[in-house]
J.: 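Let me give you the structure first, and then I'll get to my questions.
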Amino acid sequence: MTKNFDQLTPKEIVAELDKYIIGQRDAKKAVAVAVRNRIRRQKLPEEWRKEITPKNILMIGPTGVGKTEIARRLAQLSGSPFLKVEATRFTEVGYVGKNVDSMIRELVEISVNMVKQKKMKEVEEKAKQNVENRILEVLIPSKKRPSQIPFANIFGIQEPAQPVENAREVHEKREELREKLRNGELDNEEIEIEIESGNPPIGFIGIPEMEDMGMDLSQLLGNILPKHKKKRKVKISEAKRILLPIEEEKLVDMDDVIQEALKLAQNRGIIFIDEMDKIAGNGGHGPDVSRQGVQRDLLPIVEGTTITTKYGPVKTDFILFIAAGAFHVSKPTELIPELQGRFPIRVELEPLNMKDFVRILTEPENALTKQYQALLYTEGVRLDFTEDGIEEIATVAYNLNQKLENIGARRLYTVMEKVLEEVMFEAPETDEKITVDREFVKGKLKGIVEDENLSSYIL
Ligand SMILES: Nc1ncnc2c1ncn2[C@@H]1O[C@H](COP(=O)(O)OP(=O)(O)OP(=O)(O)O)[C@@H](O)[C@H]1O
């Protein structure tokens, strides 16, 4: 993809999603329009922007047909922080210390991490140089003259700087070594490095109730308490790996990160609320009162409110909420009316048929067959799937879904794993080329598929 995400039209967004998810066109269209509308909104003048509240989506469909996958891919594509929560998590008996607001805190946490990783990548080159300097300082330490002043350290008296000719000599020697260090010629040498850990000592770990109020004790104390330093003897290759993120972090301004992350979460965040059907109507998960209670708690967040987090206040008005559920027992109309109004875009996802399974196995960029092929290819083993081999896997998975529980495309994972279990174990000691055809699949699954008891455990 050469275009920046914000320039993609809804059609192009769907085309991108098509690379990973088979079928489910309505759902793809709905999410594409929803994110595009958020981008359109950001281009509006302030007064208009305030008027347009984003519409959220309700995905209705059985398990394992691509609901989460569509939302997750969309988030990845658009560089949005993404969180998946189960609505039933909030109805659980004995659910202490966390409430519905916590989903916003988790989203912000994810956003902070995303922005931090991005900024760390930006300073990587500079950080690499700093790592080199640190290692060179250990390899060729500055020559200190024996102290002229007794107990100078204790009394905090500054020693005179080292003589200029020494400093120059050290510098030259370090530069000579730098090249070798960079080329990896010294990677196997051992050195002792000092690592500062940002973590406060044990005992000061966060208290859930405080975290729920948006406070972070460890962060507060972390700034006051001295940093822990540990000495470790490691190979230089290892030292480079350990020191790089430490040096990157030093170069990143956390205040900037937090400001950017808050904005990102507010304007681009996507929260996927699964099992929405289980908190609707009668006969769901947990007692009626508690299910309705969760809906009432969700309402202000979805309508737009401000939640306190340890990084600062977060407005939820423009976060995209995608709720999902099978709605076999309860119906979307059994949600409290206010909440129904907040999820006006309804899309139904189709159950997957045998043809879909064949496509899922082969077409997506990360298709299962491609994954196994790539894994084995690292050891020089070629794995080929014939058309009838793929069909057999799809048929077995489809029939098992009908016979046992219908878990959608997830069944492909277990069947495929069983079919290739032995191959994965034997490689690369056996053949260099393995062909998975119908006979091969049948052979591997013999005795399991017919035995309902056995297949319910294994497949
Ligand atoms: N239409 C599809 N195309 C490609 N892969 C799919 C499709 N549907 C499901 N899968 C695969 O199956 C797995 C499970 O799908 P997903 O997580 O989207 O389920 P879901 O519909 O959200 O169900 P649940 O509500 O139980 O989480 C995913 O890892 C995905 O790769």
Side-chain angles (χ1 to χ4, degrees), residues 13-32 34 56-77 80 82-91 103 270-280 284-285 320-332 335 343 345-375 385 390 393-394 396-398 400-402 404-418 459:
I13 297 176
V14 170
E16 283 298 319
L17 293 173
D18 281 341
K19 290 183 185 166
Y20 298 95
I21 300 131
I22 300 300
Q24 314 301 12
R25 205 160 172 83
D26 290 348
K28 288 176 187 163
K29 271 165 77 176
V31 296
N56 297 302
I57 300 168
L58 186 62
M59 288 187 181
I60 303 159
T63 185
V65 297
K67 300 187 293 297
T68 315
E69 196 64 18
I70 290 173
R72 201 189 294 280
R73 285 285 166 197
L74 177 80
Q76 218 174 49
L77 209 60
S80 301
F82 175 82
L83 175 73
K84 177 183 181 179
V85 288
E86 251 108 63
T88 44
R89 176 173 125 183
F90 306 109
T91 56
M103 67 168 87
I270 301 177
I271 296 186
F272 185 87
I273 310 175
D274 210 357
E275 302 196 337
M276 195 70 165
D277 51 339
K278 306 260 174 61
I279 60 161
H285 199 277
L320 173 62
F321 293 90
I322 302 177
F327 290 97
H328 287 319
V329 182
S330 58
K331 299 280 159 278
L335 289 166
F343 289 92
I345 308 172
R346 309 276 164 89
V347 280
E348 275 189 52
L349 283 92
E350 304 299 326
L352 301 167
N353 59 33
M354 206 120 56
K355 275 202 186 122
D356 295 326
F357 275 5
V358 169
R359 292 185 62 198
I360 291 174
L361 281 171
T362 50
E363 285 180 27
E365 294 201 350
N366 62 336
L368 265 185
T369 50
K370 295 180 188 167
Q371 290 181 24
Y372 281 99
Q373 279 169 334
L375 280 176
F385 292 88
I390 302 257
I393 296 173
V396 168
Y398 184 81
L400 283 168
N401 269 351
Q402 307 307 310
L404 309 168
E405 195 193 347
N406 192 346
I407 56 169
R410 289 200 180 95
R411 186 74 71 188
L412 293 171
Y413 287 72
T414 49
V415 174
M416 192 77 156
E417 190 57 35
K418 194 72 211 160
L459 297 171

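We count ligands from 1, going down the list as the structure has it; atoms in each ligand are counted the same way.
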J.: Look at atom 22 (O) of ligand 1 and say which protein heavy atom is nearest, naming residue and atom and giving the distance to 0.1 Å.
T.: Thr68 OG1, 2.4 Å
J.: If I compare all heavy atoms of Gly66 with all of Leu349, which pair ends up nearest, and what's the gap?
T.: C-CD2, 4.3 Å
J.: Which residue owns the protein heavy atom closest to atom 26 (O) of ligand 1, what's the atom, and how far is it?
T.: Thr63 OG1, 2.4 Å
J.: Which protein non-hydrogen atom lies closest to atom 29 (O) of ligand 1, naming both residue and atom, and how far is it?
T.: Tyr413 OH, 3.1 Å
J.: Considering non-hydrogen atoms only, spot the tightest contact between Lys370 and Thr362 and give its length.
T.: CE-O, 3.3 Å
J.: Using distance alone, determine whether Ile360 and ligand 1 share an N or O pair under 3.5 Å.
T.: no
J.: Does only the side chain of Glu363 get under 4.0 Å from ligand 1, or the backbone, or both, or neither? Count heavy atoms.
T.: neither
J.: To the nearest 0.5 Å, how far apart are NZ in Lys67 and CD in Gln24?
T.: 9.0 Å
J.: With nothing but distance in play, are any N or O atoms of Gln24 less than 3.5 Å from an N or O of ligand 1?
T.: no
J.: Identify, for atom 10 (N) of ligand 1, the protein heavy atom at the shortest distance, and state residue, atom and that distance.
T.: Ala409 CB, 3.5 Å
J.: Identify the protein heavy atom lying closest to atom 4 (C) of ligand 1, giving its residue, its atom name and the separation to 0.1 Å.
T.: Tyr20 O, 3.5 Å
J.: Check this for me: does any side-chain nitrogen of one of Lys331 and Asp277 sit under 4.0 Å from a carboxylate oxygen of the other?
T.: no
J.: Identify the protein heavy atom lying closest to atom 28 (C) of ligand 1, giving its residue, its atom name and the separation to 0.1 Å.
T.: Glu69 OE1, 3.7 Å
J.: Within the 4.0 Å heavy-atom shell around Ile21, which atoms of ligand 1 are there?
T.: 1 (N), 2 (C), 3 (N), 4 (C)
J.: Can you tell me how far the CG atom of Leu58 sits from the CD1 atom of Ile345, to the nearest 0.5 Å?
T.: 10.5 Å
J.: Among all protein non-hydrogen atoms, which one is nearest to atom 1 (N) of ligand 1, and what is the separation to 0.1 Å?
T.: Ile22 O, 2.8 Å
J.: For residues Ala71 and Phe272, report the shortest heavy-atom separation together with the two atoms involved.
T.: CB-CD1, 3.5 Å
J.: Do Ile60 and Val347 come within less than 4.5 Å of each other through their side chains, counting heavy atoms only?
T.: no
J.: Evaluate Gly66 for polar contact with ligand 1, using N/O atom pairs at a separation under 3.5 Å.
T.: yes
J.: Give a yes/no verdict on whether any heavy atom in Arg411 is under 4.0 Å from an atom of ligand 1.
T.: no
J.: Closer than 4.0 Å to some heavy atom of Lys84 - which atoms of ligand 1 meet that?
T.: 27 (O)
J.: Nearest to atom 19 (O) of ligand 1 by heavy atom, Gly64, Ala324, Pro364: which?
T.: Gly64
J.: Backbone N or O of Gln76 within a donor-acceptor pair of the Ser80 side chain at under 3.5 Å?
T.: no
J.: Keeping the roles fixed (side chain from Lys28, backbone from Glu16), state whether a donor-acceptor pair exists under 3.5 Å.
T.: no
J.: Scan residues 346-361 for pairs that pass salt bridge (Lys or Arg N to Asp or Glu O under 4.0 Å), counting only residues two or more places apart or in two chains.
T.: Arg359-Glu363
J.: Among all the protein's non-hydrogen atoms, which is closest to atom 25 (O) of ligand 1, and how far away is it?
T.: Asp274 OD2, 3.1 Å
